[in-house]
Amino acid sequence: MAADEPTERELRVMPWWLVLVGLLLAAALGWLVLDLLLTEADRASQPDTRATLRIDAIRTGLTVVAGTGGGLALLLAARRQWITERAQRHQESVAARDQAHRDRVQAHAESVAEAAQRQQDRQSTAAEHDAAERRLTELYTRAVELLGNDSAAVRLGGLHALERLGQDNPGQRPSAFAGERRQFRGVGDLGIGAVLCAYLRMPAPDDEPRETEVRRTAQRVLTRHLRADDVAYWPEVVLDLTGATLVDFDAAGCTLVDANFTATAFTGTTTFAGATVRGRVLLGAATFGDVVFEGVAADGEVLLDGVRVSGQATFDGATFSDGLSCRRSTFAGHTSFRQVTFGQPTSFDATRFEDSTTFRQAVFEGALSMEHTEFGRSANFHAARFTNMALFRWTVFGAEALFDQARFTDAANFGRARFHSMTSFRDTQFSRPPQVDQARAVVDPGHRWPAGAVVQQLDDEWLLLVDR
């Protein structure tokens, strides 16, 4: 029985003797009243009066008996009505309980049916997932096996098979971040991007044209899916090409996130023109032939420490918002940083520029350090803007050093620098006098020193610059 249903008292059957007792009590009450009234009537002195009183007494006694019987009959009728109503309520309650029970049984049956259907759906989904995973595993394994084949044509087929697998299954694309091994719910611990990077990191046979073509294809497969404006963009892929050998690597317009090219050998012409850099891009100790960073937009730090560039290097119009580190590097060919914007502190310490170098109209929003830097040929800083400290201490200018129309809004230090050819600060603006203590310059009539600079003759070949 439900907790909110009222508890009904047990219905007892009225015994027959209780009715007999009621009738006897009614008769006894009538007799008692009659006896009392007759006794009073007998006390009357007149016979006529006595007879009338006796008749009234009898009438009254009978009335009492009749009234008592009527009351008993009314009580019995009320009890009968109460029993009838109680029976009706009981029937209604039983019917309601039966209906509620039927509803509960129906709801339970429906719940059991739904649970069975859900279980069946889960089993069906699990079976489909397992079948899909087995299929992906087979495709992945077959494609990786093709990469290890001795035939270059078969390896090319393996590359394209991996690319198709990654294009159709986004969960298989990601590669591992530098220093981190990611876990996947797909066919393996490493995504397709990581497999391609690992293939390129493997040593390449010398003078093997067919393998070179396979590697070029692997490069194109990677970079083709790194362009955010392309429908084939794979945003999950992170490049780890540490120590790889790349031929004519073309990452123009690509989006590079935490890419690692440490100690990578770039042969031929390498281009990152128009690339977008997010996070850190590591290029430390990499070697280049010709390299193009023109129009690069870097939100993260770019590290070029220890790089070797045997050809030309172009950075024109690039933006390094989080700074550029290019220490102890070597640029053998012409190098151009025209109109480059350097955000955070930038360092070229101990870097050697063997050919002409230009920073024309470059903007250094953070501090610049070029200590112990060597310029083998002309260094052009025409109209460059230095909004923070600029350090050129111990810098060697092997040919012309041009700072015409440059603007220094903070301290500029050329202490102990060496100027081996004509130096010009024509129309250069300084917010404070530059420090030139112990800087030396060869004797040249074309020199244009900052206003107020003190120049002393050391000998027939050298001049000495000192601070006031």
Side-chain angles (χ1 to χ4, degrees), residues 129 132-133 135-137 139-140 143-144 147 158-201 215-244 246 248-262 264 266 270-283 286 292-304 317-324 343:
H129 177 73
E133 286 297 311
R135 177 176 173 275
L136 285 176
T137 301
L139 293 174
Y140 180 91
V144 172
L147 285 181
L159 289 174
H160 292 300
L162 282 174
E163 182 180 20
R164 287 195 301 271
L165 183 63
Q167 188 65 25
D168 296 336
N169 301 276
Q172 309 307 321
R173 301 171 184 173
S175 54
F177 287 99
E180 177 186 356
R181 182 184 176 94
R182 297 177 60 185
Q183 297 295 327
F184 306 99
R185 293 183 295 178
V187 295
D189 289 334
L190 295 179
I192 292 171
V195 172
L196 297 175
C197 289
Y199 182 80
L200 291 171
R201 290 197 302 268
R215 289 175 174 269
R216 285 175 180 268
T217 302
Q219 293 173 189
R220 287 193 294 269
V221 169
L222 278 175
T223 57
R224 181 162 48 239
H225 299 289
L226 293 177
R227 294 179 174 90
D229 57 351
D230 196 302
V231 294
Y233 178 50
W234 293 0
E236 307 90 346
V237 173
V238 175
L239 299 184
D240 182 4
L241 293 169
T242 305
L246 306 178
D248 292 328
F249 186 70
D250 183 2
C254 291
T255 297
L256 305 178
V257 181
D258 292 327
N260 191 346
F261 297 95
T262 302
T264 300
F266 296 90
T270 302
T271 177
F272 293 92
T276 300
V277 174
R278 297 172 183 168
R280 301 181 74 198
V281 172
L282 308 179
L283 288 154
V292 178
F293 286 92
E294 186 172 346
V296 167
D299 294 333
E301 186 178 11
V302 178
L303 300 180
L304 287 167
T319 300
F320 298 97
S321 299
D322 204 26
L324 174 68

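Predicted model, so just to flag it, every value in this text is computed and none were measured.
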Begin with the C-alpha distance, continue with both residues' side-chain angles, and end with the deciding distance and a verdict on side chain to side chain contact (heavy atoms under 4.5 Å, CB included) for Thr264 and Leu246. CA-CA 7 Å; Thr264 300; Leu246 306 178; 3.9 Å; yes
Side chains of Val237 and His225: closer than 4.5 Å at any heavy-atom pair? no
Counting C-beta onward and ignoring hydrogens, is there a side-chain heavy-atom pair between Leu239 and Leu226 closer than 4.5 Å? yes
Working note: Asp240 + Arg201, criterion side chain to side chain contact (heavy atoms under 4.5 Å, CB included); need CA distance, chi angles, decisive distance, verdict. CA-CA 9 Å; Asp240 182 4; Arg201 290 197 302 268; 3.9 Å; yes
Atom of Asp258, atom of Gly279 and distance for their closest heavy-atom approach: OD1-CA, 3.4 Å
Cys254 and Thr223 have their tightest heavy-atom pair at SG-O, 3.6 Å
Exercise: identify the closest heavy-atom pair between Ala228 and Thr255: CB-OG1, 3.7 Å
What one should report as the nearest heavy-atom pair of Ala218 and Leu200 is CB-CD2, 3.8 Å
Any side-chain heavy-atom pair of Leu162 and Val195 under 4.5 Å: yes
State whether the number of non-hydrogen atoms from other residues, nucleotides or ligands found under 6.0 Å of Arg278 atom CZ is greater than 12. no
Which pair of non-hydrogen atoms, one from Ala251 and one from Ala275, has the smallest distance, and what is that distance? O-CB, 3.9 Å
When rounded to the nearest 0.5 Å, the distance separating CD of Glu163 from CZ of Arg220 is 10.5 Å
Could you pull out the closest heavy-atom pair between Phe272 and Val296, with the gap in Å? O-CG2, 3.2 Å
Pair Phe320 and Phe293, ring centroids less than 6.0 Å apart: no
Working to the nearest 0.5 angstrom, can you tell me the gap between His160 NE2 and Gln167 CD? 13.5 Å
With side-chain contact (heavy atoms from CB on, under 4.5 Å) as the test, pick out the partner of Arg280 among Val257, Leu303, Leu256, Asp322. Leu303
Give a yes/no verdict on a cation-pi contact between Arg227 and Tyr233, requiring under 6.0 Å between NZ or CZ and the six-membered ring centre and an angle within 45° of the axis. no
Between CG of Leu282 and CD of Glu301, what distance do you get to the nearest 0.5 Å? 8.5 Å
Rounded to the nearest 0.5 Å, how far apart are OG1 of Thr271 and CG of Asp250? 5.5 Å
I want to check something: taking the side chain as every heavy atom from C-beta on, are Leu159 and Leu147 in contact at a cut-off of under 4.5 Å? yes
Gap between atom OG1 of Thr270 and atom CD of Gln219 - 0.5 Å precision: 8.5 Å
Determine whether Leu283 and Thr262 satisfy the following criterion, side chain to side chain contact (heavy atoms under 4.5 Å, CB included), listing intermediate values before the conclusion. CA-CA 5 Å; Leu283 288 154; Thr262 302; over 6 Å; no
To the nearest 0.5 Å, what is the distance between OG1 on Thr217 and CG on Leu196? 11.0 Å
